[in-house]
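Every value quoted in this text rests on a predicted model; they were computed, and no experiment measured them. As the structure lists them, so they are numbered: ligands from 1, and atoms in each ligand from 1.
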Amino acid sequence: MSHTNQTLGEFIIENQASFKYTSGELSRLINSIRLAAKVVNHEVNKAGLVDIIGAAGDTNIQGEDQQKLDVYANTKFIQTMTNRNIVCGIASEEEDDFISINSQDKNHQNKYVVLIDPLDGSSNIDVNVSVGTIFSVYRRVTPVGTPVTMEDFLQKGDQQVAAGYVIYGTSTMLVYTTGDGVNGFTLNPAIGSFYLSHPNMQFPETGRIYSVNEGNYTHFPQGIKDYIKYCQMEEGDRPYTSRYIGSLVSDFHRNMIKGGIYMYPKSSQNSKGKLRLLYECNPMAFLAEQANGLASDGFQRIMEIQPTQLHERVPFICGSKNMVRKAEEFMRLAP
Ligand code: AHM
Ligand code: MG
């Protein structure tokens, strides 16, 4: 079948045999994410029309204001996966603790846990800028049929079996990997189906875009300051161009297509940076590596970091191989 008219549903069925474990459970899981993505997309698209934008009046565990759509997306993704009896545990940016899902049905004792940022970049919602959902999937390490424990969630990124994001942008896309490359599907809103529009996505080895919040420049480590100056220097294919949306999914998506580097370094105010290892950096790192890119904390592969807490943060440098390697060189010289 030509990829131009292949739907996500068809793609999942056709590729099920290539998954490492072929019980169909992972396929059902991706399918439930696809469904929740459509529901959230419908809500995000009308955010400007109805009284749903604005803070929900609550704060999450990190003390940030929750937007109404964050709460909505969180509920929808959790509901969809819980009602369909698809996973044994869920951790979310919007939930203080992980959720354990205990099936009484012996035939439905699930193996997978999902970690999710239901609506990343949500400070952009009020101004009609693209936001996204990020997800990461692991096989549980504790025995099937018992309640999940923290151990099931605190796995290194290189243990992920699937990861992806939904970008609610000028068009809505679902981009994911199961460890066999990265494929992107675009939603046809008239029909309500995702179609394979970006098969086998790859970061160009070198790009010309750097994405970083330069407002924090004075607080960055010297290595990052030096790398930014290098990007701005007139030499060879430089100066590079600067693009920063402030919405990780959108910045990553653009860089993957055009070639570039995204950085959220540590700073003198924040020794671990801002982004969360488990449901922001690890899934993006898995996608990046599957798309010929790299993801690093400046010194080591993101996916080799042993997590110790559900909501821990980590400095994040991700994108085209040659650019990430160059940034690491600068970091080694001036950490
Ligand atoms: P959020 O999870 O609270 O939405 O924060 C994550 C977002 C990323 O999408 C984005 O890249 C980053 O925060 C932007 O942060 P800043 O505004 O500090 O540049
Ligand atoms: Mg987030």
Ionic contact status for E328 with R325, cut-off 4.0 Å: no
Interfacing atoms of ligand 1 (cut-off 4.0 Å, heavy-atom, E280): 2 (O), 6 (C)
Heavy-atom pair with the smallest gap, counting every atom of L196 and G184: CD1-O, 3.6 Å
N, O or S atom within D120 nearest to the Mg ion (ligand 2), by name: OD1
Enumerated ligand 1 atoms positioned under 4.0 Å from heavy atoms of D117: 2 (O)
Proximal atoms of ligand 1 relative to G246 (non-hydrogen, under 4.0 Å): 9 (O), 10 (C), 11 (O), 14 (C)
Residues Y176, F135; criterion side chain to side chain contact (heavy atoms under 4.5 Å, CB included); working and verdict: CA-CA 9 Å; Y176 80 101; F135 63 91; 4.0 Å; yes
Ion pair check, K76 and E43, cut-off under 4.0 Å: no
Geometric N/O contact E93 with ligand 1, under 3.5 angstrom: yes
Per-atom contacts, ligand 1 versus Y262 - under 4.0 Å to a heavy atom: 10 (C), 11 (O)
Neighbour count above 12 (heavy atom, 6.0 Å) for R243 CZ: no
Which N, O or S atom of D117 lies nearest to the Mg ion (ligand 2), by name: OD2
Ligand-side contact atoms (ligand 1) for residue partner S122, heavy atom cut-off under 4.0 Å: 4 (O)
Winner among E94, K274, R276 once heavy atoms are compared against atom 7 (C) of ligand 1: K274
Candidate with minimal heavy-atom separation from atom 8 (C) of ligand 1, of I134, V131, D120: D120
Minimum-distance atom from the Mg ion (ligand 2) among N, O or S atoms of E93: OE1
Heavy atoms of other groups near K258 NZ, more than 12 under 6.0 Å: no
Check: S123 N/O within less than 3.5 Å of ligand 1 N/O: no
Modelled atom types, side-chain donor and acceptor of N282 and S136, under 3.5 Å: no
Any N or O of V249 closer than 3.5 Å to N or O of ligand 1: no
Minimum-distance atom from the Mg ion (ligand 2) among N, O or S atoms of E280: OE2
Between N31 and R34, a side-chain donor and acceptor under 3.5 Å: yes
Cation over ring face, K229 and Y210, 6.0 Å, 45°: no
Part of N213 with heavy atoms under 4.0 Å of ligand 1, whether side chain, backbone, both or neither: side chain
Side-chain donor-acceptor pair present, N74, S92, cut-off under 3.5 Å: yes
K272 atom NZ, neighbour heavy-atom count above 12 within 6.0 Å: no
N or O contact, G121 vs ligand 1, cut-off under 3.5 Å: yes
Heteroatom distance test (Y244, ligand 1): nitrogen or oxygen, under 3.5 angstrom: yes
Interfacing atoms of ligand 1 (cut-off 4.0 Å, heavy-atom, L248): 8 (C), 9 (O), 10 (C), 11 (O)
